[in-house]
Amino acid sequence: MKITLQDEAAQVAFGKQLGEALKGRGTLFLDGELGAGKTTLTRGLLRAYGYEGAVKSPTYTLMEPYELATVQLYHFDLYRLGDPEELEFVGARDVLGRDDAIVVVEWPVRGEGWLSEPDLLLQLEVLPEGRHVVIDARTTYGAMVIKALSAGT
């Protein structure tokens, strides 16, 4: 699935739509250069579940948990990860692979060899105006989410 998002508002709106299609669970890998909008997309995901607070990239803490009334979302940013084994120290083993939460991983290549296959891989590309997003299902559940997105959830 390929989508072009014209601005930040469209990116947040798409994230919200994606969050609704996920129905409270799934693992997403967000890949793209600095400034591609990975955290902006995560903000949209959180908006789908009623979160209105600030969303910042957990660049230094590696993981930011969001325990909401209807969903748990764990936001990882592996940009500054020195070694994938560092994920053990932030409790990632307890979070990754859960089927009752949403797990979002920015810069998944930095956790290679430690991370399992995501449900969805989203590749974000910066355009002169907006962003281009390519969504690839990596599991059966991911394919169901794309189908729901295509149908407008």
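Given the structure is predicted, the values throughout are model-derived calculations rather than measurements. Each residue takes its place number in the sequence, starting with 1.
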(message) Show, in sequence, the C-alpha distance, side-chain angles and deciding distance for Leu68 and Leu73, and conclude whether the side-chain contact (heavy atoms from CB on, under 4.5 Å) test is met.
(response) CA-CA 8 Å; Leu68 307 174; Leu73 186 145; 5.6 Å; no
(request) Measure across Leu122 and Leu18 and return the closest heavy-atom pair with its distance rounded to 0.1 Å. (result) CD2-CD2, 3.9 Å
Donor-acceptor pairs under 3.5 angstrom involving side-chain atoms of residues 124-135: please list them, not counting sequence neighbours.
{"from": "Arg131", "atom 1": "NE", "to": "Ala36", "atom 2": "O", "distance (Å)": "2.9"}
{"from": "Arg131", "atom 1": "NH2", "to": "Gly35", "atom 2": "O", "distance (Å)": "2.8"}
{"from": "His132", "atom 1": "ND1", "to": "Thr4", "atom 2": "OG1", "distance (Å)": "3.4"}

(message) Looking at every heavy atom in both Gly26 and Tyr141, which two are closest together, and how far apart are they?
(response) CA-CE2, 4.2 Å
(message) Just verifying a value: how many Å separate His75 NE2 and Leu62 CG, rounded to the nearest 0.5 Å?
(response) 11.0 Å
(request) Mind listing the closest non-hydrogen atom pair of Glu8 and Arg43 along with its distance? (result) OE2-NH2, 3.0 Å
(message) Could you see if Val12 belongs to whatever hydrophobic cluster contains Leu5? Use Ile, Leu, Val, Met, Phe, Trp, Tyr and a side-chain cutoff under 4.5 Å.
(response) no
(request) Please confirm whether the backbone N or O of Phe29 pairs with a side-chain atom of Lys38, one donor and one acceptor, at under 3.5 Å? (result) no
(message) Take a 6.0 Å sphere around CD of Glu52 and say whether it holds more than 12 heavy atoms from other residues, nucleotides or ligands.
(response) yes
(message) Run the ring-ring contact (aromatic ring centres under 6.0 Å, His included) test against Tyr49 and tell me which residues pass, sequence neighbours left out.
(response) none
(message) I'd like to know if the side chain of Asp119 reaches the main chain of Thr27, judged simply by a donor and an acceptor atom lying under 3.5 Å from each other, with no hydrogens or angles considered.
(response) yes
(request) Give a yes or no on whether Trp114 and Val109 share a hydrophobic cluster (residues Ile, Leu, Val, Met, Phe, Trp, Tyr; joining criterion: side-chain heavy atoms under 4.5 Å apart). (result) no
(request) State, to 0.1 Å, how close Asp7 and Ala10 come at their nearest heavy-atom pair, and which atoms those are. (result) OD1-N, 2.8 Å
(request) Determine the minimum heavy-atom distance between Ser57 and Glu106, stating which atoms define it. (result) OG-OE1, 3.6 Å
(request) Determine the minimum heavy-atom distance between Tyr66 and Ala54, stating which atoms define it. (result) OH-O, 4.3 Å
(message) Within this structure, what is the CD-CZ distance for the pair Glu117 and Arg138, rounded to the nearest 0.5 Å?
(response) 5.0 Å
(request) Could you tell me the separation between the CD1 atom of Ile102 and the CD atom of Gln72, rounded to the nearest 0.5 Å? (result) 10.5 Å
(message) Within the 4.5 Å heavy-atom criterion, are Leu149 and Gln17 side-chain neighbours or not?
(response) yes
(request) State, yes or no, whether a side-chain contact exists between Thr42 and Leu30 at a heavy-atom distance under 4.5 Å. (result) yes
(request) Mind checking side chain to side chain contact (heavy atoms under 4.5 Å, CB included) for Arg110 and listing every partner two or more places apart, or none if nothing turns up? (result) Leu78, Tyr79, Leu81, Trp107
(request) Rounded to the nearest 0.5 Å, what's the gap from CG on Asp77 to NZ on Lys56? Could you check? (result) 11.5 Å
